Each structure stands twice: as C-alpha cells, then as structure tokens.
**Q** 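So that we are looking at the same thing, I have put the structure below in structure tokens.
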Amino acid sequence: MMTMEEQSLDYVLVPLGMLVMGLYHSWLLFTILRYPRRTVIGINADSRHQWVLSIMTDPLKNGVLAVQTIRNNIMASTLLATTAITLSSLISVFVSSTSNSGNTASQLVYGNKNSIVSSIKYFSILLCFLVAFLCNVQSIRYYAHVSFLATVPTSVGKKDSIEYVARNLNRGSFFWSLGLRAFYLSFPLFLWIFGPIPMFVCCCTMSFILYFLDTTTSFTRHLHTKLYREEMKTDDVESAV
C-alpha cells in the first residue's frame, strides 16, 4: 500500500524538476537572443555564417567540401531521426503489451504507482522522441536545401544571397539542436519511471552540466572575435583588389 507521502512525491518533485529545466532553458534562450557570443550556439552560428561566406565566394574550388560537410550533417540528423522514431515505436509496443498483460508496478519505484501516472510517464517519453524526430526531419529539409544553394556562384558583393544561405543553414542547425534537447529531456523522464526522486536529481544535474556545455569562456570569445576581425579585413582587401 502506498502512503500519502509517497503518493504526493510525484506532484511535488516532478514539477520542480521540470521547473529547473524550464528556467535554465529560458535563461539560455534569453542569452542567445541578447548575448549570442556568450553561448556555444551563438558562436557556432557566427562560424557557420563565415563558412558560407568563404564557400560561396569560390564555389568551384570549395564546392566539393561544402557538399561533403552538409552531407555529414544530413547523415547525423538522419541517424537521430531514425533513432527517435525507432524508440517511439518500441515504447508504443511496450506500453500496449504492458497494458494487456496487466502487470503490477515494480517494487523498486518509490512514488505514485497508479496506472494513470504510469501512462503519463510513457506518453511524456514518447512525446519527447516524436518532437526529436520532427525537429531532425526539419533539419534534414534545411540542409538539403542549403546543399544546392551553397554551390551557386556568388560574388562577395551579393550579401543578400549569402545571408539567405547562412540563415537557412543556421535554421537547420537550430532544429538539430532542438532535437538534441528533446533527447536530453528524455533522460529525466525515463528516470521518472523509477520514481520522482531520480527524475528530480537528473534534472538538477543535467541543468548544471548543460550550463558548462552551452556557455563560452572569455578566451573563446576573444579568439572568435579576433578570427572574425581578421576574416573581415581579408574580405575587405580582396574586395578592394
């Protein structure tokens, strides 16, 4: 028999864990929009912009490199999309077989063991993988479009076309990042199966780890700014010539 304290843990720790993850990602989104170079996502977006600029100024020389690089990104997104839809199918089969067999909740779980709560746990994990699948499909869509645009001959003076290609490339990368975040979120939701305490601990630990993975140091920002300025000076000299 479950005690009232054990049953109410899910209603306290699970929302707190999701609140921790939500607050961290809200802060990350605000930092990306206002101070992009303090985040890895912002630094990588600038780097991809410079990469598109260097590729499109000489597509005959760099066309093969561009196609191979974008192909590698498409393969990475395809792998994640395939993994997500496969896991979604496995979870659906497992939930249907469990509901038909009528198995009781595991004694290892310290928390609410009602069938409704168990269904919510599996549905949350399934939703995460479906979101990851859709985001990676959109990422493939943008990468495939960029693979054609990046090999079009463009002079340095035509900034509009370069900006358009860089924007589409960054959109593909942003969708890939969102799909990866959905995979990250599936970890605490998976641990929720074993109770709300592992789920809450995983949310706090993952937010702490992601902070160091998503932010940049002052040395990284200084190095990126220096390389960006040198690239701009080189482009100005080539334009003058």
Side-chain angles (χ1 to χ4, degrees), residues 16-56 66 69-70 72-81 83-84 127-129 131-143 145-146 149-150 159 162-189 200-233 235:
L16 282 178
M18 298 303 295
L19 180 62
V20 170
M21 294 285 289
L23 288 176
Y24 168 74
H25 284 91
S26 298
W27 170 84
L28 179 63
L29 179 61
F30 173 79
T31 307
I32 292 173
L33 295 176
R34 296 295 300 271
Y35 312 101
R37 294 190 177 180
R38 294 184 180 180
T39 63
V40 175
I41 295 177
I43 289 288
N44 291 340
D46 287 342
S47 300
R48 285 189 294 270
H49 185 277
Q50 292 300 312
W51 180 80
V52 170
L53 179 62
S54 62
I55 290 295
M56 296 190 67
T69 303
I70 297 174
N72 293 336
N73 291 327
I74 292 176
M75 291 176 62
S77 298
T78 304
L79 176 61
L80 290 181
T83 304
L127 185 62
C128 272
F129 289 134
V131 171
F133 172 75
L134 293 176
C135 289
N136 282 285
V137 167
Q138 290 296 317
S139 177
I140 295 171
R141 170 176 170 260
Y142 279 107
Y143 284 145
H145 186 49
V146 170
L149 298 177
K159 296 294 183 180
I162 296 177
E163 291 292 335
Y164 176 74
V165 177
R167 186 165 59 250
N168 280 275
L169 181 61
N170 282 329
R171 285 177 180 175
S173 180
F174 291 154
F175 273 111
W176 187 83
S177 298
L178 288 175
L180 197 59
R181 296 284 158 170
F183 275 99
Y184 290 157
L185 184 59
S186 67
F187 280 95
L189 293 179
F200 178 75
V201 174
C202 183
C203 285
C204 296
T205 305
M206 183 168 291
S207 299
F208 181 77
I209 295 174
L210 287 178
Y211 174 79
F212 291 97
L213 295 177
D214 293 332
T215 56
T216 59
T217 61
S218 58
F219 173 78
T220 305
R221 292 193 294 269
H222 175 72
L223 180 62
H224 181 269
T225 304
K226 182 179 179 181
L227 293 175
Y228 181 78
R229 290 176 179 175
E230 291 178 353
E231 184 70 22
M232 291 298 294
K233 291 180 180 178
D235 293 339

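Predicted model only: the values in this text are computed from it and were never measured.
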**Q** Phe208: what forms a ring-ring contact (aromatic ring centres under 6.0 Å, His included) with it, not counting sequence neighbours?
**A**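 Phe208 satisfies ring-ring contact (aromatic ring centres under 6.0 Å, His included) with Phe212 only.
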**Q** Contact between Arg167 and Val52 at the side-chain level, heavy atoms closer than 4.5 Å - yes or no?
**A**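 Heavy-atom side-chain distance check fails, nothing below 4.5 Å.
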**Q** Show the numbers, then the answer: is there a side chain to side chain contact (heavy atoms under 4.5 Å, CB included) between Leu185 and His25?
**A** CA-CA 11 Å; Leu185 184 59; His25 284 91; over 6 Å; no
**Q** Kindly write out the residues that satisfy ring-ring contact (aromatic ring centres under 6.0 Å, His included) with Tyr142, not counting sequence neighbours, or none if the list is empty.
**A**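 Per chain and number, Tyr142 pairs via ring-ring contact (aromatic ring centres under 6.0 Å, His included) with Phe175.
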**Q** Where do Leu149 and Met56 come nearest, in terms of heavy atoms and distance?
**A**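 Here Leu149 and Met56 meet closest at O-CE, 3.6 Å.
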**Q** Indicate yes or no: at least one non-hydrogen side-chain atom of Ser173 is less than 4.5 angstrom from one of Tyr143.
**A**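 They are in contact (side-chain heavy atoms under 4.5 Å apart), so the answer is yes.
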**Q** Under the ring-ring contact (aromatic ring centres under 6.0 Å, His included) test, which residues partner Phe183, sequence neighbours left out?
**A**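 Only Phe129 meet the ring-ring contact (aromatic ring centres under 6.0 Å, His included) criterion with Phe183.
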**Q** Please report the shortest heavy-atom distance between Ile70 and Ala150, naming the atom on each side.
**A**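 For Ile70 and Ala150, the tightest heavy-atom pair comes out as CD1-CB, 4.3 Å.
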**Q** Within a reach of under 6.0 Å around CZ of Arg181, are more than 12 heavy atoms found that belong to other residues, nucleotides or ligands?
**A**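 It does: Arg181 CZ has more than 12 such atoms within range.
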**Q** In chain order, what residues pass the side chain to side chain donor-acceptor pair (under 3.5 Å) check against Ser207, with sequence neighbours excluded?
**A**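 Here no residue qualifies.
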**Q** Identify the heavy atoms of Cys135 and Leu178 that sit nearest to each other, and give their distance.
**A**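 Smallest heavy-atom distance, with atoms named: SG-CB, 3.8 Å.
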**Q** Between Leu29, Asn44, Leu33, Leu28, which is the residue that forms a side chain to side chain contact (heavy atoms under 4.5 Å, CB included) with Thr39?
**A**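 In the set Leu29, Asn44, Leu33, Leu28, the residue that makes a side chain to side chain contact (heavy atoms under 4.5 Å, CB included) with Thr39 is Leu28.
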**Q** Holding to side chain to side chain donor-acceptor pair (under 3.5 Å), I want the full list of residues that pass it with Tyr24, two or more places apart in sequence or in another chain.
**A**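 Partners of Tyr24 by the side chain to side chain donor-acceptor pair (under 3.5 Å) criterion, ordered by chain and then number, come out as Asp214.
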**Q** Contact between Val146 and Val165 at the side-chain level, heavy atoms closer than 4.5 Å - yes or no?
**A**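 Contact flag for Val146/Val165 side chains = yes.
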**Q** A side-chain contact here means heavy atoms from C-beta on lying under 4.5 Å apart; do Leu80 and Phe133 qualify?
**A**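 No, every pair of side-chain atoms sits at 4.5 Å or beyond.
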**Q** Could I get the full list of ring-ring contact (aromatic ring centres under 6.0 Å, His included) partners for Tyr184, not counting sequence neighbours?
**A**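 Once residues adjacent in sequence are excluded, Tyr184 has no partner under the ring-ring contact (aromatic ring centres under 6.0 Å, His included) criterion.
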**Q** Give the minimum heavy-atom separation between Val20 and Cys203, together with the two atoms involved.
**A**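 Smallest heavy-atom distance, with atoms named: CG1-O, 4.2 Å.
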